[in-house]
Amino acid sequence: MAKPVSIEVWNPNGKYRVVSTKPMPGTRWINLLVEQDCRVEICTQKKTILSIEDIIALIGDKCDGVIGQLTEEWGDALFSALSRAGGKAFSNMAVGYNNVNVDAATKHGVAVGNTPGVLTETTAELAASLSLAAARRIVEADEFMRAGLYDGWLPNLFVGNLLKGQTVGVIGAGRIGSAYARMMVEGFKMNLIYYDLYQATRLEKFITGYAEFLRANGEQPVTWKRAASMEEVLREADVISLHPILDKTTFHLINKESLATMKKEAILVNCSRGPVIDEVALVEHLKHNPMFRVGLDVFEDEPYMKPGLADQKNAIVVPHIASASKWTREGMATLAALNVLGKIKGYPIWSDPNRVEPFLKEDASPPAACPSIVNAKALGLPVSKL
Ligand SMILES: NC(=O)c1ccc[n+]([C@@H]2O[C@H](COP(=O)([O-])OP(=O)(O)OC[C@H]3O[C@@H](n4cnc5c(N)ncnc54)[C@H](O)[C@@H]3O)[C@@H](O)[C@H]2O)c1
Ligand SMILES: O=C(O)[C@H](O)CO
């Protein structure tokens, strides 16, 4: 049996016991739970990634719901522990839930929440930042400056790529992929090629409208194309950003063969999940193609990088911070808490998980619904009429 982990307790006499495996930004999420008679226990253990044993100790003998993190493996062991403790709700504080075995949760009657929508723009903005940083070699230039190597302007110093008029490729044009595409097309007048299993109708309409605006103003209009295959995007695009979910269809989507089809001077950005790229193959590709650049927020074996990646000047690496704006992280905490609270209170499921603004208004009570439960259908949970 694991040692009990250190916790901070809010509202000790609350009727429902809700555990958060990490302190989360803001206090609204705590207040919303406390107002509804929850005792909130927050794990304050100084250990970034909790083990399954740590989490089982946190769940204890009586637990109504847990808010967890993408670093935790939520499988049969944890869902059976939660269900034995009387728990009916778990929410990831993340939109991605590849760390959760949803079938195991359903088997134990546990609802699984996630936090879509609130992180769309923030994540897309980081993908755009990495695209720009890679195109204009900002990190290399910053290191050069700090090392005291700058001794005067030179025509060839840190020459990079102009984005305007180039083609941006998006793989996975869902919420974040579409937001990123809009930023790159509108902000830098790039043309879009995208690949997704579904048509991104709103994105296409947006670009068509923007192209008309540019044409009416005497400027070169931007274009869009829905590719028939991912390979078409890889062949044609100058900057490629990955935004699919991680599942078995997207594992190692980018590998030795697909990297070889990309332009020698292309830029590849990944703010989705690390295993979407075969990172060993990527390191080799970066070594042999110095003009090829990457911007990575996520890694195959997080928190580690594959050997050799850190030595590559043509790679920009940041520690999974794409959703790290204050507003977004506080909103994610709120949505995760409301998923758990809603299930405890027997609320129905919000009808459109892409439209979560009503839950995020600081000065209003949130709707009496769970914002986003991914196994709602499998559990036969009712949908809200709000
Ligand atoms: N780095 C971060 O901090 C961070 C932040 C937020 C989200 N994410 C990741 O981004 C992912 C996407 O988030 P979202 O809100 O845009 O989700 P979403 O569901 O709106 O979009 C995902 C898109 O991927 C498409 N897709 C699925 N399988 C595909 C395939 N085989 N080929 C091409 N496209 C495919 C889907 O059709 C969908 O349009 C999340 O699942 C998460 O893993 C990472
Ligand atoms: O899936 C997610 O939400 C991220 O990886 C963290 O914001």
Side-chain angles (χ1 to χ4, degrees), residues 22 24-25 67-72 74 91-100 102 112-130 169-183 193-204 226-234 240-255 258 269-277 295-300 302-303 316-336 339 352-356 371-372 374:
K22 286 280 165 219
M24 299 191 292
I67 302 164
Q69 301 297 325
L70 59 84
T71 47
E72 300 154 7
W74 277 82
S91 183
N92 233 17
M93 184 211 169
V95 65
Y97 53 90
N98 51 286
N99 61 312
V100 182
V102 179
V112 173
N114 72 338
T115 64
V118 67
L119 38 63
T120 300
E121 303 291 326
T122 297
T123 305
E125 283 179 14
L126 192 89
S129 309
L130 289 173
V170 170
I171 294 172
R175 286 175 290 250
I176 299 168
S178 290
Y180 167 83
R182 287 199 307 269
M183 287 174 193
I193 177 165
Y194 78 91
Y195 176 70
D196 197 295
L197 310 177
Y198 303 96
Q199 187 174 6
T201 316
R202 283 178 63 193
L203 175 61
E204 292 176 0
R226 180 180 178 199
S229 66
M230 181 187 79
E231 288 65 33
E232 200 179 328
V233 176
L234 298 182
I240 293 154
S241 197
L242 307 173
H243 297 286
I245 55 164
L246 171 63
D247 64 7
K248 47 183 187 304
T249 71
T250 60
F251 177 80
H252 283 190
L253 202 61
I254 303 296
N255 51 36
S258 48
V269 170
N270 190 11
C271 288
S272 60
R273 283 288 183 267
V276 172
I277 299 182
L296 303 175
D297 180 53
V298 286
F299 304 88
E300 193 165 353
E302 256 172 68
I316 298 173
V317 288
V318 296
H320 205 148
I321 54 167
S323 66
S325 73
K326 183 174 181 291
W327 182 82
T328 286
R329 287 285 167 88
E330 290 185 5
M332 289 164 74
T334 296
L335 293 180
N339 280 329
D352 182 359
N354 295 324
R355 190 177 53 85
V356 290
S372 177
V374 300

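Start at 1 and go down the list; that is how both ligands and their atoms are numbered.
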Numbered atoms and elements of ligand 1 in range of D297, under 4.0 angstrom, heavy atoms: 1 (N), 2 (C), 3 (O)
Per-atom contacts of ligand 1 with Y198, taking only distances under 4.0 Å to non-hydrogen atoms: 37 (O)
Atom indices of ligand 2 within 4.0 angstrom of L119 heavy atoms, with elements: 3 (O), 7 (O)
Atoms in ligand 2 with a heavy atom of A94 nearer than 4.0 Å: 1 (O), 2 (C), 3 (O)
Element-labelled atoms of ligand 2 that are located less than 4.0 Å from some non-hydrogen atom of L70: 4 (C), 5 (O), 6 (C)
Least distance between heavy atoms, S323 atom then T328 atom: O-CG2, 3.3 Å
Side chain, backbone, both or neither: the part of R273 lying under 4.0 Å from ligand 1 by heavy atom: side chain
Ligand-side contact atoms (ligand 1) for residue partner Y195, heavy atom cut-off under 4.0 Å: 32 (N), 33 (C)
V233 to I240 - nearest heavy-atom pair and separation: O-CD1, 4.1 Å
Atoms of ligand 1 close to T123 [distance to a heavy atom under 4.0 angstrom, numbered from 1]: 4 (C), 5 (C), 6 (C)
Shortest non-hydrogen contact between D297 and E302, atoms and distance: O-OE2, 4.5 Å
Which atom of Q199 lies closest to which atom of E204, heavy atoms considered: NE2-OE1, 2.8 Å
Test log, rule side chain to side chain contact (heavy atoms under 4.5 Å, CB included), inputs H243 and R175: CA-CA 9 Å; H243 297 286; R175 286 175 290 250; over 6 Å; no
Which segment of H320 sits under 4.0 Å of ligand 1 when only heavy atoms are counted: side chain
Sub-4.0 Å heavy-atom contact, S272 with ligand 1: yes
I245 side chain reached by Y97 side chain, heavy atoms, under 4.5 Å: no
Closest protein heavy atom (residue, atom, distance) for atom 3 (O) of ligand 2: V95 N, 2.8 Å
Exercise: identify the closest heavy-atom pair between A179 and T120: CB-CG2, 3.8 Å
Atom 22 (C) of ligand 1 - nearest protein heavy atom and its distance: H243 O, 3.7 Å
Which segment of I245 sits under 4.0 Å of ligand 1 when only heavy atoms are counted: both
V95: numbered ligand 1 atoms lying under 4.0 Å from its heavy atoms: 6 (C), 7 (C), 15 (O), 40 (C)
Proximal ligand 1 atoms for T250, defined as those under 4.0 Å from one of its heavy atoms: 28 (N), 29 (C), 30 (C), 31 (N)
Location of contacts on L126 toward ligand 1, heavy atoms closer than 4.0 Å: neither
Sub-4.5 Å side-chain heavy-atom contact between E300 and I277: no
I171 vs L234 side-chain heavy atoms within contact, under 4.5 Å: yes
Test item: F299 and V317 side chains (from C-beta on) under 4.5 Å apart, heavy atoms: yes
Minimum-distance protein heavy atom relative to atom 28 (N) of ligand 1: L197 CD1, 3.6 Å
Element-labelled atoms of ligand 1 that are located less than 4.0 Å from some non-hydrogen atom of V298: 1 (N)
Protein residue, atom and distance nearest to atom 25 (C) of ligand 1, heavy-atom basis: D196 OD2, 3.3 Å
Structural part of T115 in contact with ligand 2, heavy atom criterion under 4.0 angstrom: neither
Check: A173 N/O within less than 3.5 Å of ligand 1 N/O: no
Student check: side-chain heavy atoms of D196 and V170 closer than 4.5 Å: no
Within-4.5 Å side-chain heavy-atom neighbours: V100 and N114: no
Closest protein heavy atom (residue, atom, distance) for atom 11 (C) of ligand 1: P244 O, 3.6 Å
Identity and separation of the nearest protein heavy atom to atom 31 (N) of ligand 1: T249 OG1, 3.1 Å
Derivation of the side chain to side chain contact (heavy atoms under 4.5 Å, CB included) call for I254 and N270: CA-CA 10 Å; I254 303 296; N270 190 11; over 6 Å; no
Atom indices of ligand 1, in the order listed, that fall short of 4.0 Å to a heavy atom of G172: 24 (O), 34 (N)
Flag, side chain of N99 to backbone of E72, donor-acceptor distance under 3.5 Å: yes
Geometric N/O contact R329 with ligand 2, under 3.5 angstrom: no
Nitrogen or oxygen atoms of N98 and ligand 1 under 3.5 Å apart: no
R202 CZ: over 12 foreign heavy atoms closer than 6.0 Å: no
Sidechain N-carboxylate O distance under 4.0 Å for R226, E232: no
M93 to ligand 2, any heavy atom closer than 4.0 Å: no
Contact check: G96 vs ligand 2, nitrogen or oxygen atoms, below 3.5 angstrom: yes
Nearest protein heavy atom with distance in Å, relative to atom 15 (O) of ligand 1: R175 NE, 2.9 Å
Part of T123 with heavy atoms under 4.0 Å of ligand 2, whether side chain, backbone, both or neither: neither
Exercise: identify the closest heavy-atom pair between L70 and N92: N-OD1, 4.1 Å
Neighbour count >12 (heavy atoms, 6.0 Å) for atom OH, Y195: yes
Note, C271 side chain near I176 side chain (heavy atom, < 4.5 Å): no
Shortest protein contact, atom 8 (N) of ligand 1 (heavy atom only): C271 O, 3.7 Å
Protein heavy atom at shortest distance from atom 7 (O) of ligand 2: S323 OG, 2.6 Å
Residue, atom name and distance, where the atom is the protein heavy atom closest to atom 16 (O) of ligand 1: I176 N, 2.9 Å
